[in-house]
Amino acid sequence: KRFLALDYLLTGRDLHRQDEPADPETDFHSTDLYLKEALNVISRHKTQYPELPLFLMVSFQAVHDPIQVPEKWVHMNMDRISDPHRQQLAGMVTHLDDAIGNLVLELKKQSMWANTVFLFFSDNGGEVKMGSSNWPYRGKKGTLFEGGIKSKAILSGGLIQTKNVGSSCDAIIHVTDVFPTFLGLASGNTEYADQIDGVSFWPTVDSGCTKDSIQTHPREGFLVNIDPVGYPLNFNSDTVNYYTPYAYLRRLLAKRLSWADRSSGYRHLDMKLVVGYPGSGVLSTKPYNLSHYLEKLAEEDATHAGKADPKCETIENLRDCMWLFNLSADPTESHNLVGSRSHRHIVVDILERIETYRRTMVQPVNKNGIFRSEILQDIVSHLPIRFINVYPKARVAGFGYFVPF
């Protein structure tokens with residue numbers, strides 16, 4: 001059977017146990033394989049290091065493509081889900097849920113649950129074409145809309161106060177906050193805490209995310225994205241009419257903020273600004289309807305709706321280069337406020353925040369969009385991969401992984 005290179009690169013095995021290659025048993029779904037290893041780690045820790053804290057990060061591959069799962073998990077959802085894509089995805093979620101349940105049972109069996117904080121979260125929004133729904137949000141995985149970056153999270157464990165069980169929290173929490181939170185819980189070395197981006201969210205959630213605790217929560221926003229390489233925009237300051245309503249913004253973008261010729265975004269409190277191309281902005285539907293989604297996607301491609309003008313050559317196109325949303329009043333990101341006079345100070349403030357990151361960030365190696373490495377090319381040429389003829393060499397794309405085109 002002939003596969004494209006991308007199939008191999010996405011499904012190949014490369015597992016290590018500590019620093020040694022691991023050759024696990026075959027014919028296991030990766031969810032079961034990772035669960036088995038995690039259960040062994042918990043049991044071994046309880047036996048060998050009962051007095052030491054345990055940090056265990058279990059990065060299940062589910063839910064992710066390829067959307068594959070043993071049939072028994074698919075059958076559990078067929079009575080209430082008719083779409084075949086959704087059935088497969090729901091099967092993977094059910095399988096994952098069962099694995100997490102077994103992790104909890106093992107922690108309780110080893111008498112560790114009472115002293116545990118258990119955090120579950122995803123890395124990004126779902127891919128709608130593969131059965132996911134990000135309803136009610138706009139966008140999908142790979143976009144800068146809320147459907148692409150907002151993730152549900154569950155915090156559990158014996159250290160959660162009984163009064164807080166079953167409650168929800170509206171505080172802004174970012175993935176970089178996980179490290180300092182767990183480091184503090186484990187009484188780790190916090191000497192460099194002021195030199196990292198994350199802040200501990202434990203005081204806020206431990207207090208029950210009350211109104212007062214949210215007001216004193218140390219995080220007011222976060223960097224959504226900063227990409228000095230991706231989608232190019234051309235701001236030509238020589239043609240600016242400085243008497244037009246948006247001229248000062250154009251001048252700010254062209255003269256001061258060199259990052260603005262690419263894709264960036266930042267959220268401050270309820271306001272979120274995106275500059276450049278945020279990705280597809282099609283809304284998910286409830287119930288899930290793939291045909292409707294694909295139709296809307298085709299309409300968007302045909303009309304360029306929701307996409308940034310690739311050049312942004314005129315002031316009139318400035319709104320097509322920037323998006324400002326009030327996520328509290330407009331969680332579906334349907335109303336772009338960037339052209340509103342009353343919001344100009346917010347736009348400028350957030351632009352300055354992104355510029356602070358740009359000045360201090362480590363510069364990416366993938367200049368000009370594609371990073372061609374002779375070393376990587378040599379490695380790829382020796383892989384047991386048969387590339388299709390028109391794409392004889394693989395390369396590393398700007399988004400960070402091998403593609404054959």
Side-chain angles (χ1 to χ4, degrees), residues 6 9-11 30-31 34 57-69 85-86 88-90 92-93 95-97 99-100 119-155 169 171-179 181 197-198 201 219 221-227 229-231 262-267 272-286 288 290 293 297 300 306-307 323 325 327 331-333 354 357 364 366 396-403:
L6 191 58
L9 293 169
L10 287 177
T11 60
S30 68
T31 297
Y34 286 25
M57 178 176 172
V58 188
S59 299
F60 288 103
Q61 290 179 303
V63 176
H64 198 277
D65 67 311
I67 307 299
Q68 299 170 349
V69 65
H85 298 86
R86 194 76 172 153
Q88 289 289 327
L89 186 95
M92 291 190 78
V93 173
H95 191 194
L96 175 64
D97 183 60
I100 292 171
L119 174 64
F120 171 85
F121 65 98
S122 179
D123 54 350
N124 47 248
E127 176 53 71
V128 182
K129 291 181 181 179
M130 295 183 180
S132 292
S133 173
N134 300 309
W135 184 89
Y137 301 111
R138 185 179 183 183
K140 64 179 184 64
K141 174 181 178 178
T143 73
L144 302 187
F145 292 111
E146 291 298 279
I149 66 172
K150 192 178 182 70
S151 173
K152 294 289 186 182
I154 300 172
L155 195 65
C169 185
I172 298 176
I173 296 175
H174 189 256
V175 64
T176 56
D177 300 335
V178 175
F179 171 61
T181 300
D197 291 323
F201 57 74
R219 178 173 292 285
F222 57 88
L223 184 72
V224 174
N225 188 57
I226 184 164
D227 183 4
V229 174
Y231 305 90
R262 298 298 185 259
S263 175
S264 303
Y266 191 94
R267 173 177 175 176
K272 173 179 159 188
L273 179 74
V274 175
V275 179
Y277 175 46
S280 172
V282 177
L283 279 164
S284 291
T285 57
K286 184 180 181 180
Y288 175 82
L290 180 59
Y293 175 80
L297 197 63
E300 183 185 71
K307 292 188 177 182
W323 286 262
F325 302 110
L327 297 180
T332 60
E333 299 174 291
I354 300 177
Y357 274 94
N366 56 328
V396 179
F399 34 80
Y401 55 81
F402 286 110
V403 293

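Everything numeric here is computed off the predicted structure, so don't read it as measured data.
- V175 meets the side chain to side chain contact (heavy atoms under 4.5 Å, CB included) test with F121; sequence neighbours excluded.
- Of the residues listed (K140, H85, K141), the one engaging V128 in a side-chain contact (heavy atoms from CB on, under 4.5 Å) is K140, and it is the only one.
- Atoms OH and CG, on Y293 and L283 in that order, are 10.0 Å from each other to the nearest 0.5 Å.
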Please report, to 0.1 Å, the donor-acceptor pairs under 3.5 Å made by any side chain of residues 144-155, with sequence neighbours excluded.
unit_1, atom_1, unit_2, atom_2, d
E146, OE2, K272, NZ, 2.8
S151, OG, S122, N, 3.1
S151, OG, S122, O, 3.2

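- Minimum interatomic distance between D177 and F201 (heavy atoms only, all atoms of both residues): CB-CD2, 3.8 Å.
- Taken to the nearest 0.5 Å, the CG atom of L119 stands 10.0 Å off from the CE atom of M57.
- How far CG of L273 is from CD1 of I354: 5.5 Å, rounded to the nearest 0.5 Å.
- Note that the OH atom of Y357 and the CD1 atom of I226 stand 9.5 Å from one another [nearest 0.5 Å].
- The backbone N or O of S284 sits nowhere less than 3.5 Å from a side-chain atom of N134 that would complete a donor-acceptor pair.
- Contacts of S132 classified as side chain to side chain contact (heavy atoms under 4.5 Å, CB included), with partners at least two apart in sequence or in another chain: L89.
- The shortest non-hydrogen separation linking S59 to Y34 is O-CE2, 3.2 Å.
- With sequence neighbours excluded, the residues that form a side chain to side chain contact (heavy atoms under 4.5 Å, CB included) with I172 are R219, F222, R267.
- Here T31 pairs with H29 under the side-chain hydrogen bond (donor to acceptor under 3.5 Å, both in side chains) rule; sequence neighbours left out.
- Judged as a side chain to side chain contact (heavy atoms under 4.5 Å, CB included), and not counting sequence neighbours, the contacts of Q88 are I67, V69, E71, V74.
- Atom CG of D197 sits about 8.5 Å away from atom NE2 of H174, to the nearest 0.5 Å.
- Across all their heavy atoms, M92 and A62 have their closest contact at CE-CB, 3.9 Å.
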